[in-house]
Structures are given as structure tokens and as C-alpha cells.
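No hydrogens, no waters, no symmetry mates; every other heavy atom, side chains included, goes into these values. It should be emphasised that the depicted structure is a prediction, and the values quoted were computed from it without experimental measurement.
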Amino acid sequence: MLRPLVLLFALAVVGTAQAQTFRIQPTLSTQLTWTDNVDTDGADTQQDWILEVSPGLSMVRESGRLKGGLDLRLRNLTHAERTEENTTYVAVDGRGSFEAIENSLFVNVDASVSRDNQSLFRGRVPGDVLDYDEDNEVRVFSVAPRYLFRFGSGGEGQVNYRERWLGGGTSSGGLGGQRAQTLGVGLSHPVALRLFGWSLDFSRSETRYDENATRDVEQELARGTLFINIDPQFRLRAIGGYESNDYAIAEGERGEIWGAGFDWYPTERTALSATGEKRTFGNGYDVSLRHRMARSAFSFTARRDISSLADEIADGFMFDPAYQALTSLRPDLSEFERSRLALEPYRRGASDAVRSNAYYVERTVGASWTLEGVRNTLTLSVLRSDRNSLDTLSGFSFGGELQSYDRVSMRSASISFSHRLSGFATLNAGYLHSKSTGSGEESDETTRSTARLGISRRLGANTDGGLTYRHTRSEGSDDYTENAVTATLGMRF
């Protein structure tokens with residue numbers, strides 16, 4: 001499973017020879033946290049001090065044949081009281097694209113190793129920096145070569161392959177091993193007859209589990225699309241196709257795909273795309289709206305489709321409203337840097353991912369509005385997600401919460417505000433409120449809220465410091481409150 005990470009390093013080394021925008025920086029992150037409730041699972045609260053010293057390496061390249069970034073950190077956490085919980089592990093966040101043959105052959109790589117409580121009902125709030133239980137570790141790696149070619153006066157085609165690995169945790173509390181292979185072929189000529197265009201796509205995926213799963217699963221998708229180009233800013237799409245999968249039943253499900261959609265670009269600052277389809281699991285859809293103004297950006301996404309935890313970790317940021325807002329407001333940033341900033345709210349507890357090695361039907365609706373002033377930045381976000389279990393199998397040892405509930409829902413709203421006090425100091429504040437519900441043979445409900453207030457300051461050309469206060473409250477299946485104060489010091493060399 002380390003092969004994609006090794007490949008990412010190799011691509012970075014290959015790309016440095018002619019790189020003009022390649023940055024490689026050793027880093028050292030330290031933080032000292034005091035908490036009045038170190039063990040949120042316990043009946044009695046206990047205070048503790050936790051020191052983290054994490055050396056790391058950050059690499060970003062924004063142009064040339066290699067684009068992307070890689071963050072590596074060796075997290076070392078030491079407790080003053082609960083010394084049995086001291087731990088060390090490697091955290092990884094990386095994604096990149098290498099143009100092996102100009103305009104033809106590309107290789108995409110992504111890697112993620114993190115420890116985060118993915119339960120929406122128990123334990124620490126997702127994104128809590130004090131959540132580093134090895135049972136919560138999730139590892140996702142993928143390699144995806146893609147070959148592009150052209151035909152006729154404007155036709156394009158591609159052949160792509162992706163191999164993705166998912167695993168994590170210990171043998172008694174982890175996800176188990178999962179290996180997904182996907183082969184895809186596509187042909188497209190959107191303006192073949194000026195008014196009309198077409199595209200054909202086919203993909204086949206196979207997911208292999210370790211010995212703990214009852215069986216492996218497969219999926220096939222074939223679509224044909226007719227484009228009707230009303231004008232350069234607006235086009236209609238008519239969709240027909242076929243799909244089959246055995247996610248829900250061993251004998252498999254087969255059915256036709258019928259759908260329609262449109263793409264509308266009324267101005268350079270506005271883009272609206274919508275697709276609706278009839279699928280084997282019901283109605284699927286994908287809606288995206290982005291609108292940028294002089295100092296603000298609004299984005300909205302709505303999606304219903306088959307998904308998995310590996311897909312959400314590796315691809316989820318592309319559908320995140322915060323990422324779309326940053327695309328409009330900060331076009332100067334690389335894709336990797338935008339994705340890293342967009343994921344910050346999730347690292348602070350807005351994540352709605354569900355820990356599961358099975359496939360499920362996911363419905364997500366999210367909106368984000370960002371207002372940027374000379375000294376102030378305000379962001380409002382709302383998110384609603386529902387996940388319905390597809391799997392009716394028995395014997396999965398690591399089915400997660402979708403094994404306990406047929407449906408898991410989460411609603412959240414957040415607000416974040418930053419005020420630049422000076423050229424060196426910034427005041428940050430935020431509040432997140434979420435409610436999670438599990439239903440089926442068992443039922444559950446948990447409400448969580450997190451408030452934070454902090455200040456960050458540049459202490460030198462390559463040194464930053466900060467002080468943050470956080471209050472967390474959880475009510476329902478897991479009741480607890482926590483107050484924590486964290487002092488941070490980060491250095492880049």
C-alpha cells in the first residue's frame with residue numbers, strides 16, 4: 001500500500017530538474033494542550049496536558065509536468081497524566097498529477113493517512129486534534145494512469161485505470177483491507193454537428209476485500225449522452241445507458257439509465273450545471289452552482305449517488321462548497337493548497353464521513369458563502385447528508401455504523417470569522433452545530449456543538465504561533481463537555 005506514496009516521491013524528484021515553482025520545506029509543528037476532559041468516554045472528567053512535537057516535510061509544485069503537493073508529519077504526542085496513551089504515527093496528505101507524455105499520458109496519485117473519529121454518535125468530534133486512537137486510523141492510496149487522444153475535427157477520447165487501497169485501524173477495530181480497481185473508456189465530440197454532439201462512456205470496477213468479507217463486489221456503468229448546443233453559454237443533455245452491480249444482493253441488480261441535464265454559463269463569474277437520472281437505486285442527481293462577485297463567492301452542491309469512504313476521502317473535497325468558493329476567490333492558489341484550505345473546517349469537526357468499508361447511497365446538499373473584506377473574512381456553511389446502506393450481506397466484520405443502522409443522517413451549520421489585527425496577527429473565531437441521527441433496527445441521536453476563539457501571529461519570517469480556546473458539548477448517545485486551551489508554535493526551514 002506504500003507504492004503510491006513512493007511514486008509520489010519519485011515524481012517529485014523527477015520534476016525538480018526543470019521546476020521553477022517547486023517548493024520543498026522541512027517543518028516542525030509543536031503544540032501544548034490543556035483539557036479538562038481528556039477521556040470523553042469516561043464517567044469522570046480528568047484534566048491532562050498533552051504535548052505534540054511533529055517534524056514534517058511539505059512539497060508543492062504548481063506548474064510544469066508535475067503538479068500537486070505532499071504533506072508528511074511524524075506526530076508524537078505525550079501525556080502528562082495518561083501516559084499509556086502516548087503515541088507516534090505518520091500523517092500523510094498528498095495528491096498530484098504527472099504528465100508523462102505531453103498532452104497524452106497522465107498519472108494521478110493520491111495518498112492519505114489520518115486518525116480521526118468517524119463516528120457521528122460517540123467519541124470526540126470529528127477533526128479533534130486530540131483524537132489519535134489507532135483504531136480510528138484510515139489509509140487511502142490510489143494510482144490512476146490516464147491516456148488521452150483526439151480524433152476528427154474536435155473529438156476526444158480517453159482510457160483510464162485506477163487502483164485504490166483502503167484500510168486502517170487494528171485487526172480488532174479497523175476497517176479491514178479493501179482494493180478497488182476501475183477501468184474506464186470514453187469518447188466525446190460535444191460539437192460534432194455544431195447543434196448536436198455526443199459522448200460515450202463505459203467503466204467497470206471490482207472491489208476485493210480481505211478474508212473478513214463474505215464476498216467481493218463489482219459494478220458496470222455505460223452511458224451515452226446527446227448534447228444539444230443552444231448557444232455557447234447553454235447546452236442540454238439527454239442521457240441513456242445501462243448499469244449493473246451486486247452491492248445489495250449477491251445475484252446482482254441490472255437496469256437502464258435514463259436522464260437529462262444542462263450546463264449554463266451566463267457570465268464568466270457564474271456556472272450552473274444539473275443532471276438527473278433514473279438509476280437502479282432510485283433517482284440520482286448532481287447539481288453544482290458557483291457564483292463569484294467582487295468580494296464574495298457563493299457555491300451550492302447537491303448530489304445523490306453510490307459512494308464509499310475511500311471515494312469521500314480521496315475525491316470529496318472536489319464537491320465541497322468551500323473548495324468551489326476558494327476556486328473563485330483564490331485562483332492564485334494551487335489545487336492542492338485550495339483543497340488543504342477547504343478541508344480545514346472538516347479538521348475542526350465539520351466532517352460527516354461514516355466509517356464503513358461497504359458501498360452506500362449518499363445524498364449530500366451543501367452551500368457556502370464567503371465574504372472577503374480588506375481585513376475581515378466571513379464564511380457561512382450548511383451541510384445535510386444522508387447515507388443509506390446498500391449492503392444486505394452478513395459477515396462483514398468492519399461494517400461500521402451502517403452495519404448498526406440502515407440510515408445515517410447529519411445536519412450541520414457553521415460560521416467562521418477572521419479579522420486581521422495587523423500585518424502579523426489575526427483573530428479567528430468559529431462555531432459549529434451538528435445533529436446526527438441513526439435509524440433502522442437500532443436508533444440513535446447525538447447533538448454536538450463546538451465554539452473556538454483564538455489568535456495567530458507571525459513571530460518571524462518562518463515562524464508562527466497561536467493560542468486557541470475551544471469548548472465542545474455533546475448530548476445524546478455520548479454526553480460530555482470539554483474545555484481546552486492550545487498553544488501552537490510552527491516553524492518552516
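In this structure, E84 places its CD atom where more than 12 heavy-atom neighbours from other residues, nucleotides or ligands lie under 6.0 Å away. No more than 12 heavy atoms of other residues, nucleotides or ligands shown are found within 6.0 angstrom of CZ on F424. Around the CZ atom of R150, the shell of radius 6.0 Å holds no more than 12 heavy atoms that belong to other residues, nucleotides or ligands.
T27 and Q25 share no side-chain donor-acceptor pair at under 3.5 Å. N86 and T78 are not linked by any side-chain donor-acceptor pair at a separation below 3.5 angstrom, with hydrogens and angles left out of the test. Between T486 and T33, the side chains place a donor N or O and an acceptor N or O closer than 3.5 Å (distance only, hydrogens not considered). S449 and H433 share no side-chain donor-acceptor pair at under 3.5 Å. No side-chain donor from either of T275 and D286 sits under 3.5 Å from a side-chain acceptor of the other. Counting only N and O atoms by type, the side chains of Y161 and E163 include a donor and acceptor under 3.5 Å apart.
Between R82 and D39 there is a salt bridge, since a side-chain N of the basic residue sits under 4.0 Å from a carboxylate O of the acidic one. At a threshold of 4.0 Å, the pair E372-R295 does not count as salt-bridged, since none of the basic side-chain nitrogens sits closer than that to a carboxylate oxygen. Remark: R208 engages D216 in a salt bridge, criterion side-chain N to carboxylate O under 4.0 Å. Classification of D71 and R73 as a salt-bridged pair fails, no side-chain N sitting under 4.0 Å from a carboxylate O. A salt bridge does not link E243 with R223: none of the charged nitrogens is closer than 4.0 Å to a carboxylate oxygen. Here E206 does not pair with R179 in a salt bridge; the nearest charged N to carboxylate O distance is not below 4.0 Å. The pair R95-D110 fails the salt-bridge criterion, with no side-chain N (NZ, NE, NH1 or NH2) lying under 4.0 Å from an Asp/Glu carboxylate O. A salt bridge does not link E362 to R304: none of the charged side-chain nitrogens sits closer than 4.0 Å to a carboxylate oxygen.
Residues that satisfy the ring pair (Phe, Tyr, Trp, His ring centres under 6.0 Å) test with H79, not counting sequence neighbours, are Y132.
Cation-pi geometry between R115 and Y89 is met: under 6.0 angstrom from the ring centre, within 45 degrees of the axis.
The side-chain heavy atoms of H291 and M293, taken from C-beta on, include a pair separated by under 4.5 Å.
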